[in-house]
Amino acid sequence: MFYQEGNKLFRRYDGELLCIEACGENALRVRATMLGRFKEGKISALLPDIKPTAAAIEIKDDRAFICNGKIRCEVLATGKITFYEANSGKVLLKEYDKNRFRRQKIKGEKDSALGIVPRTFCAHRGTDCFKLEVRFEAHEGEKFYGMGQYSQPYLDLKGCSLELAQRNSQVSIPFAISSNGYGLLWNNPAHGYATFGKNVTLFTADSTAEMDYWITCGDDPAEIVRAYSDVTGKVPMMPDYALGFWQCKLRYRTQDEVLEVARRYKELGLPLSVIVIDFFHWTAQGDFKFDPKYWPDPEKMVRELKELGVELMVSVWPTVEEGSENFLHMEEMGYLIRTEAGPRLGIKNKDTYMDATNPEARKFVWQKLKENYYDKGIHLFWLDECEPEIIKYEYENYRYYSGSVLETGNIYPLDFAKMVYEGRKAAGDENILSLVRCAWAGSQRYGSLVWTGDVSSDFETLRNQIASGISMGLSGIPWWTTDIGGFHGGNIYSDEFKECLVRWFEFGAFCPVFRLHGFRLPILSFEGKEAFNGTDAKGWYFSSGSPNEIWSYGEEVFEICKRYLFLREKLRPYLKELMKEAHIKGSPVMRAVFYEYPNDSKAWSIEDEYMLGSSILVAPITEQGARSRTVYLPEGEWTELFSGKTYQGGKEIKAQADLSQIPVFIKDTNLFLKLTEA
């Protein structure tokens, strides 16, 4: 039975209640439940105050229609849903229905003995949750993009199966853009999978009370991303200092080390905007404060860095160990995540995690951060471990305040960033930014700057960063960065690693945020104690990776990195305009070539180069020993940044790239002159 209530179209049949409503410009939200009614307060990536949109609803005997701007939806009496581009009638997306129509024959629909229905709710007996599967027909030649960040080189996700789960170096943001002219948000924080198969497109949730997705259509990817950002939120305006160079390593062990590094950058006349204090600067995990033995006067440290023009960022983990001064109180108040079976402690290094989905836990931890960092002048936070990184990722064995991790787990990193955003907002701050290792749909509105996690220090991993950065932008996360040089395994005395570091540094200079980080080998001991052996986390108190400043790798590497530091300074006014566009429209800063050239069929297959805004094309070198590469230039006239040569686009060229040179092409003459002026 179809019926209308206000701006919503409903269908009720047997156990299922289906609701389709206008939600944002040229967009529809689709929900279904087997519980008879929709739950109040369900977790959603959508903003709670989306401006109501008028919808045209028409109900007939065997089908019903709902139209919002450019998108039109047809629902058959059998429940099958098809989405159309309203003006042309083009099919955008159609549910996969291979079933015999027992109630009635529908004109144009075929019988099938398979008995496969579009939406399957398989009950977890004795609960209000189900395993949900939603199937759509696959289209020949269709490409998919976005979906967050996965450790792979693939930009086009057609043929990929993606785990919808948070891991270290994996970020699940379930928003996909199709080359067929639509974008789809799987609005569900449950663990599951998205499969973009040749025969079917399939979304699953392992445990959920209802189906919920949002779909929009647009004339080009920019219109689709803008519509998505309108309903999930946009980044704040990025602060100016964040556009410069960030120095980081695992790890600066003392206050003196941090100051010595910052002073040397300034003595050498090198630009430095941010310096970062990494983990185990604290007395215990969960104390959320400096160890005074090694950090005796944080206020003095902050003052000197400010005088040098350097902002200070400090790492915060959600881990809480039994020896923490806050453990017993947090346990008593229910501020820690729980296990369904087995001990809470031992999740990692005999610790557990704060429950970031609990609003009272967020208030408690923020108050500790405020007392121990913020009130001492440190306003920048690096929110590490925010997946969180539970042992073996046994999602079925953990429970949050928000519910089972199987049902709600992907929301954790969003709530962790929300904690700092709301705390700083209440303190009167604007342009709030936090560096985070993970995110979910909507995290951007809480100032999340996402990086790719603890990735390896090699060329293969460098290649994967390109797809990660582009995909994150298409997933509504414009603020993105990477550990320049990778995190694991780079030996500062290795010529092979030095080459990888240089190529990564060149790429990093043309990323939204330019940040050097890594755990460099060999590991160094501290105060005569044995260097960390990998078995006891507290060993980090007495260990550090090798130096990771640009002068740490010899004169040749230093001179190349120095060149890109000053080039980045020239880029900053251009980047500021891109950040303003991201703030206003939700536009990616790092863009797929097809984002700027949607009518160029070749551009949709380019996966190893990208646009930085609309005027700069970047083609990183990602192979050891390579001193040239093939570059595809879209239409128009392009000027090579380092040689000054001009090329007509619409074709491939062979670009030279000695070790000090990354292929970069400029479309704007004035920008080229600014970047090359003495």
Side-chain angles (χ1 to χ4, degrees), residues 241-281 294-295 301-302 304-315 380 382 435 451 454-455 457 462 481-509 511 513-526 531 540 543-569 659-660:
Y241 64 78
L243 298 175
F245 176 63
W246 297 36
Q247 172 63 49
C248 187
K249 63 163 282 189
L250 188 138
R251 67 185 177 94
Y252 295 120
R253 296 165 293 191
T254 70
Q255 181 171 322
D256 288 340
E257 281 189 12
V258 169
L259 291 173
E260 285 169 10
V261 169
R263 289 168 189 154
R264 186 166 184 197
Y265 268 100
K266 295 306 174 179
E267 288 166 3
L268 293 172
L270 301 174
L272 176 65
S273 293
V274 179
I275 195 164
V276 186
I277 297 172
D278 204 341
F279 71 168
F280 284 90
H281 63 266
Y294 304 114
W295 310 89
M301 175 174 56
V302 170
E304 181 173 344
L305 290 172
K306 288 279 190 183
E307 291 169 2
L308 294 171
V310 179
E311 296 289 331
L312 178 62
M313 171 176 274
V314 65
S315 172
L380 278 177
W382 174 7
L435 180 65
W451 95 98
D454 297 347
V455 298
S457 299
L462 170 57
T481 188
T482 175
D483 286 356
I484 290 175
F487 181 74
H488 284 297
N491 191 305
I492 66 171
Y493 302 110
S494 161
D495 289 337
E496 180 180 341
F497 176 65
K498 289 179 184 180
E499 181 180 358
C500 182
L501 177 86
V502 165
R503 291 308 196 188
W504 214 313
F505 201 91
E506 293 167 348
F507 164 63
C511 284
V513 168
F514 184 27
R515 171 178 160 272
L516 178 62
H517 183 51
F519 175 25
R520 302 294 172 243
L521 300 177
I523 302 174
L524 304 180
S525 61
F526 183 48
W540 280 116
S543 303
S544 170
S546 286
N548 190 44
E549 295 72 42
I550 68 168
W551 53 79
S552 306
Y553 298 91
E555 190 63 26
E556 182 183 19
V557 174
F558 174 75
E559 289 300 325
I560 294 172
C561 291
K562 179 178 174 181
R563 177 187 195 186
Y564 283 87
L565 285 183
F566 287 105
L567 179 57
R568 178 70 178 201
E569 289 299 296
L659 186 59
S660 67

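Between the side chains of Ser457 and Trp504, not a single donor N or O lies within less than 3.5 Å of an accepting N or O. Side chain to side chain, Asp256 and Tyr294 fail the donor-acceptor criterion of an N or O pair below 3.5 Å. Side-chain contact of Arg520 with Tyr493: a donor-acceptor pair under 3.5 Å is absent, judged by distance alone.
Pro547 approaches Ser552 most closely through the heavy-atom pair CB-OG, 3.4 Å. Taking all atoms of both residues into account, the shortest heavy-atom contact from Thr482 to Trp451 is N-CB, 4.3 Å. Residues Asn548 and Tyr553 come closest through the heavy atom pair OD1-OH, 2.6 Å. Between Ile550 and Leu565 the shortest heavy-atom distance is CD1-CD1, 3.6 Å. Nearest heavy-atom pair, Val261 versus Trp551, reported as atom, atom and distance to 0.1 Å: O-CH2, 3.9 Å. Across all their heavy atoms, Leu462 and Arg503 have their closest contact at CD2-CB, 4.0 Å.
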Kindly determine whether Met301 and Ile277 satisfy side chain to side chain contact (heavy atoms under 4.5 Å, CB included), including the steps that lead there. CA-CA 12 Å; Met301 175 174 56; Ile277 297 172; 3.9 Å; yes
Steps toward side chain to side chain donor-acceptor pair (under 3.5 Å) verdict (Gln247, Tyr265): CA-CA 10 Å; Gln247 172 63 49; Tyr265 268 100; 2.5 Å; yes
Give the intermediate values and the outcome of salt bridge (Lys or Arg N to Asp or Glu O under 4.0 Å) for residues Glu556 and Lys498. CA-CA 10 Å; Glu556 182 183 19; Lys498 289 179 184 180; over 6 Å; no
Under the salt bridge (Lys or Arg N to Asp or Glu O under 4.0 Å) rule, what do Glu260 and Arg263 come out as? Steps first, then yes or no, please. CA-CA 5 Å; Glu260 285 169 10; Arg263 289 168 189 154; 5.5 Å; no
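Side-chain contact between Pro271 and Phe245 is absent, with no heavy-atom pair separated by less than 4.5 Å. Side-chain atoms of Phe507 and Ile484, non-hydrogen and from C-beta on, never get closer than 4.5 Å to each other. Inter-residue side-chain proximity for Val557 and Leu501 is flagged as met; some heavy-atom pair is nearer than 4.5 Å. Contact of the Lys562 side chain with the Leu270 side chain is registered, since non-hydrogen atoms from C-beta on lie closer than 4.5 Å. Proximity of Phe487 to His517: side-chain heavy atoms (C-beta onward) are separated by under 4.5 Å at one or more points.
Taking CG of Leu312 as the start and NZ of Lys306 as the end, the distance is 9.0 Å to the nearest 0.5 Å. Atom CZ of Arg515 sits about 5.0 Å away from atom CH2 of Trp382, to the nearest 0.5 Å. Remark: Cys248 SG to Leu435 CG distance equals 8.0 Å, nearest 0.5 Å. Between atom CD1 of residue Ile275 and atom OH of residue Tyr252 there is a gap of 5.0 Å, rounded to the nearest 0.5 Å. Annotation: the span from Leu524 atom CG to Ser543 atom OG amounts to 8.5 Å, rounded to 0.5 Å. Atoms CD1 and CD, from Ile560 and Glu499 in turn, are 9.5 Å apart once rounded to the nearest 0.5 Å.
Taking the charged nitrogens against the carboxylate oxygens, Glu267 and Arg264 have no contact shorter than 4.0 Å, which rules out a salt bridge. A salt bridge is absent between Glu549 and Lys249; no separation between the charged side-chain nitrogens and carboxylate oxygens falls under 4.0 Å.
The main-chain N or O of Val513 is found under 3.5 Å from a side-chain atom of Thr481 such that the two form a donor-acceptor pair. A donor-acceptor pair is defined here as one N or O able to donate and one able to accept, closer than 3.5 Å; such a pair exists between the side chain of Glu257 and the backbone of Arg253. Under a 3.5 Å cut-off, the side chain of Ser546 and the backbone N or O of Ile492 do not form any donor-acceptor pair.
Separation of the Tyr564 and Phe514 ring centroids does not fall under the 6.0 Å cut-off.
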